[in-house]
K.L.:
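This is the structure, below, for whatever I ask next.
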Amino acid sequence: MTTDQSAISVGVATDVGRVRQHNEDCARAAGTIFVVADGMGGHAAGEVASAIAADSVVELAEHPTLQPHDIVEQLGEANRRILESAAHHPEQAGMGTTVAGLALASVDGSKQWVVFNIGDSRVYRMVDDQLSQVTVDHSEVWELVQRGLITEEQAQRHPSRNIITRSLGREPMGDVDTWVLPPHQGESFVICSDGLSNELTRDEIEAVLAAAPDAEAAATELVRRAVEAGGRDNVTAIVVQALR
């Protein structure tokens with residue numbers, strides 16, 4: 001199967017939620033590059049870090065033959081820019097951001113999806129009406145899940161769920177995880193901040209994707225439901241659908 005921009009439907013939605021005063025999430029889509037960044041640092045600093053990261057990643061849309069290592073290198077460049085900005089603006093000290101995204105890249109001569117993340121923003125993939133979580137959260141709570149000490153449902157309410165182990169804005173920044181996935185006809189991806197994944201179960205996300213008429217409607221409905229479920233954090237989602 002070949003995939004290009006004309007064969008993809010994209011929806012983007014974000015909401016400040018019911019508790020926070022500012023939206024520190026940032027979502028960007030350019031060409032076949034899609035990224036969500038969830039900023040940390042309070043005041044304006046989180047917004048700055050997430051915008052630097054997301055804007056840095058979508059610069060990759062200008063690459064004629066994007067490869068997976070280009071994504072990792074660009075996230076390193078984003079980390080450098082965040083640290084440089086904080087060094088010049090003392091009020092931004094300590095700011096950082098998680099990043100999760102999806103890009104169409106050239107792998108061994110063919111177009112493949114590359115999923116990437118650092119932190120606890122997530123990418124889900126739905127193939128043949130079955131939703132799976134592609135990314136692995138870089139958080140203390142998810143390490144407990146992987147060790148079988150708590151369930152995914154318990155992780156959503158765990159008091160330490162916001163303690164992440166990797167992010168941009170650190171030196172060293174930690175490793176970026178990547179996955180290479182062959183395109184599948186009719187598949188969908190959800191790229192989201194933890195404000196969505198902490199409020200909605202995988203089954204709930206799957207149900208929205210199955211019922212929504214298009215990517216824009218799906219993204220809007222996912223964010224609406226997450227806010228309705230509690231909205232304890234900023235909520236952001238990008239839905240990418242390969243047209244059948």
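Along the sequence shown, residues are numbered consecutively beginning with 1.
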K.L.:
Hey, is the main chain of Gln67 close enough, under 3.5 Å, to the side chain of Asp70 for a donor-acceptor pair?
P.N.:
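The answer is yes, because a donor-acceptor pair under 3.5 Å joins these two groups.
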
K.L.:
Between Val57 and Val180, is there shared hydrophobic-cluster membership here, with clusters defined by ILVMFWY side-chain heavy atoms closer than 4.5 Å?
P.N.:
yes

K.L.:
Decide yes or no for Asn117 and Thr98: does some side-chain heavy atom of the first lie under 4.5 Å from some side-chain heavy atom of the second?
P.N.:
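No, too far: nothing below the 4.5 Å cut-off.
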
K.L.:
So, are Glu77 and Arg80 salt-bridged, with charged N and O less than 4.0 Å apart?
P.N.:
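Looking at Glu77 and Arg80, the cut-off is met.
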
K.L.:
Is the backbone of Ser139 close enough, under 3.5 Å, to the side chain of Asp137 for a donor and an acceptor to pair up by distance?
P.N.:
no

K.L.:
Taking the side chain as C-beta and beyond, is there a heavy-atom pair between His22 and Val16 under 4.5 Å?
P.N.:
no

K.L.:
Tell me if a side-chain donor or acceptor on Thr178 pairs with a main-chain N or O of Val114 at a distance below 3.5 Å.
P.N.:
no

K.L.:
Would you say Glu216's side chain and Gly11's backbone share a donor-acceptor pair under 3.5 angstrom?
P.N.:
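No, because the side chain of Glu216 does not come within donor-acceptor range (under 3.5 Å) of the backbone of Gly11.
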
K.L.:
Is there a side-chain hydrogen bond (donor to acceptor under 3.5 Å, both in side chains) between Glu91 and His89? Walk through the geometry before answering.
P.N.:
CA-CA 5 Å; Glu91 71 277 9; His89 303 90; 5.2 Å; no

K.L.:
Taking side chain as C-beta onward, heavy atoms only, is Glu171 less than 4.5 Å from Leu83?
P.N.:
yes

K.L.:
Step by step, work out the side-chain contact (heavy atoms from CB on, under 4.5 Å) result for Met126 and Glu206.
P.N.:
CA-CA 8 Å; Met126 186 158 160; Glu206 182 179 278; 4.2 Å; yes

K.L.:
What pair of heavy atoms forms the shortest contact from Leu209 to Ala218, and how long is it?
P.N.:
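Reported closest heavy-atom pair: CD2-CB, 4.1 Å.
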
K.L.:
I'd like to check Ser121 versus Ile191 (side-chain heavy atoms, cut-off strictly below 4.5 Å). Are they in contact?
P.N.:
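A side-chain contact is absent here, since even the closest heavy-atom pair is not under 4.5 Å.
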
K.L.:
Could you state the interatomic distance from CD (Glu204) to CG (Leu196), rounded to the nearest 0.5 Å?
P.N.:
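Between atom CD of Glu204 and atom CG of Leu196 there are 9.5 Å.
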
K.L.:
Before giving the answer on side-chain contact (heavy atoms from CB on, under 4.5 Å), spell out for Leu104 and Trp113 the whole-Å C-alpha distance, their side-chain angles and the decisive distance to 0.1 Å.
P.N.:
CA-CA 5 Å; Leu104 198 61; Trp113 288 117; 3.9 Å; yes

K.L.:
Side chain to side chain contact (heavy atoms under 4.5 Å, CB included) with Ser56: which residues, sequence neighbours excluded?
P.N.:
Ile52, Gln74, Ala78, Arg81

K.L.:
Would you compute the distance between atom OG1 of Thr97 and atom CD of Glu47 and round it to the nearest 0.5 angstrom?
P.N.:
11.5 Å

K.L.:
Thr236 and Thr14: side-chain hydrogen bond (donor to acceptor under 3.5 Å, both in side chains), yes or no, with the steps?
P.N.:
CA-CA 4 Å; Thr236 300; Thr14 188; 2.6 Å; yes

K.L.:
Step by step, would you call Leu222 with Arg225 a side-chain contact (heavy atoms from CB on, under 4.5 Å)?
P.N.:
CA-CA 5 Å; Leu222 285 170; Arg225 289 199 185 192; over 6 Å; no

K.L.:
Minimum heavy-atom separation for Gly169 to Ile82, with atom names?
P.N.:
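Heavy atoms of Gly169 and Ile82 come nearest at CA-CG2, 3.9 Å.
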
K.L.:
Quick one: pull up OG1 in Thr32 and CG in Leu102 and give me the separation to the nearest 0.5 Å.
P.N.:
8.5 Å

K.L.:
Show your working on side-chain contact (heavy atoms from CB on, under 4.5 Å) between Val10 and Gln241 and close with a plain yes or no.
P.N.:
CA-CA 6 Å; Val10 182; Gln241 293 181 339; over 6 Å; no

K.L.:
Determine, for Asp175 against Arg166, whether the closest basic-nitrogen to carboxylate-oxygen distance falls under 4.0 angstrom.
P.N.:
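Answer for the salt bridge query: no.
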
K.L.:
Using side-chain heavy atoms (C-beta onward) and a distance below 4.5 Å, is Asp15 in contact with Asn234?
P.N.:
no

K.L.:
Taking all atoms of both residues into account, what is the closest heavy-atom pair of Ala226 and Val235, and its distance?
P.N.:
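So the two residues come closest at CB-CG1, 3.6 Å.
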
K.L.:
Report yes or no: does Glu199 contribute a side-chain atom to a donor-acceptor pair with the main-chain N or O of Arg232 at less than 3.5 Å?
P.N.:
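The answer is yes, because a donor-acceptor pair under 3.5 Å joins these two groups.
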
K.L.:
Is the closest basic N to carboxylate O distance between Arg125 and Glu187 below 4.0 Å?
P.N.:
yes

K.L.:
Would you say Val141 and Leu149 are hydrophobically clustered, going by side-chain heavy atoms of ILVMFWY under 4.5 Å?
P.N.:
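Yes, Val141 connects to Leu149 through the hydrophobic network.
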
K.L.:
Output yes when a side-chain donor or acceptor of Gln133 lies under 3.5 Å from a complementary backbone atom of Thr135, and no otherwise.
P.N.:
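Pair found, side chain donor or acceptor close to backbone of Thr135.
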
K.L.:
In this structure, is the centre-to-centre distance between the rings of Trp179 and Phe116 below 6.0 Å?
P.N.:
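When the ring centroids of Phe116 and Trp179 are compared, they turn out to be at least 6.0 Å apart.
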
K.L.:
Output the distance between atom OG (Ser197) and atom OH (Tyr124), rounded to the nearest 0.5 Å.
P.N.:
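Between atom OG of Ser197 and atom OH of Tyr124 there are 4.5 Å.
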
K.L.:
For residues Val36 and Ser193, report the shortest heavy-atom separation together with the two atoms involved.
P.N.:
CG1-N, 3.8 Å

K.L.:
Same hydrophobic cluster for Val227 and Leu200, using side-chain heavy-atom links shorter than 4.5 Å among ILVMFWY?
P.N.:
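Linked within one cluster.
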
K.L.:
Is Val240 linked to Val208 within one hydrophobic cluster, defined over Ile, Leu, Val, Met, Phe, Trp and Tyr using a side-chain heavy-atom separation of less than 4.5 Å?
P.N.:
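In one cluster: no.
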
K.L.:
Using side-chain heavy atoms (C-beta onward) and a distance below 4.5 Å, is Leu168 in contact with Leu75?
P.N.:
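Answer yes - side chains close enough.
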
K.L.:
I'd like to check Arg28 versus Ile238 (side-chain heavy atoms, cut-off strictly below 4.5 Å). Are they in contact?
P.N.:
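No - every pair of side-chain heavy atoms lies 4.5 Å or more apart.
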
K.L.:
Would you say Val115 and Phe189 make side-chain contact, with heavy atoms under 4.5 Å?
P.N.:
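Heavy-atom side-chain distance check passes, below 4.5 Å.
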
K.L.:
Check whether Val127 and Val123 end up in the same hydrophobic cluster, where Ile, Leu, Val, Met, Phe, Trp and Tyr are linked by side-chain heavy atoms less than 4.5 Å apart.
P.N.:
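Val127 and Val123: separate clusters.
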
K.L.:
Please find the pair of heavy atoms, one from Gly39 and one from Ser50, that lie closest to each other, and give the distance.
P.N.:
N-CB, 3.7 Å

K.L.:
Evaluate Gln112 against Ser110 for side-chain hydrogen bond (donor to acceptor under 3.5 Å, both in side chains), listing each step before the verdict.
P.N.:
CA-CA 6 Å; Gln112 306 278 325; Ser110 65; 2.9 Å; yes

K.L.:
Where is the tightest heavy-atom contact between Ile118 and Gly174, given as atom of each residue plus distance?
P.N.:
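The answer is CD1-O, 3.9 Å.
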
K.L.:
Counting only N and O atoms by type, is there a donor-acceptor contact under 3.5 Å from the side chain of Glu62 to the main-chain atoms of Glu59?
P.N.:
no

K.L.:
Taking only residues two or more places apart in sequence or in another chain, which ones pass side chain to side chain contact (heavy atoms under 4.5 Å, CB included) with Asp233?
P.N.:
Arg20, Asp38, Asp194

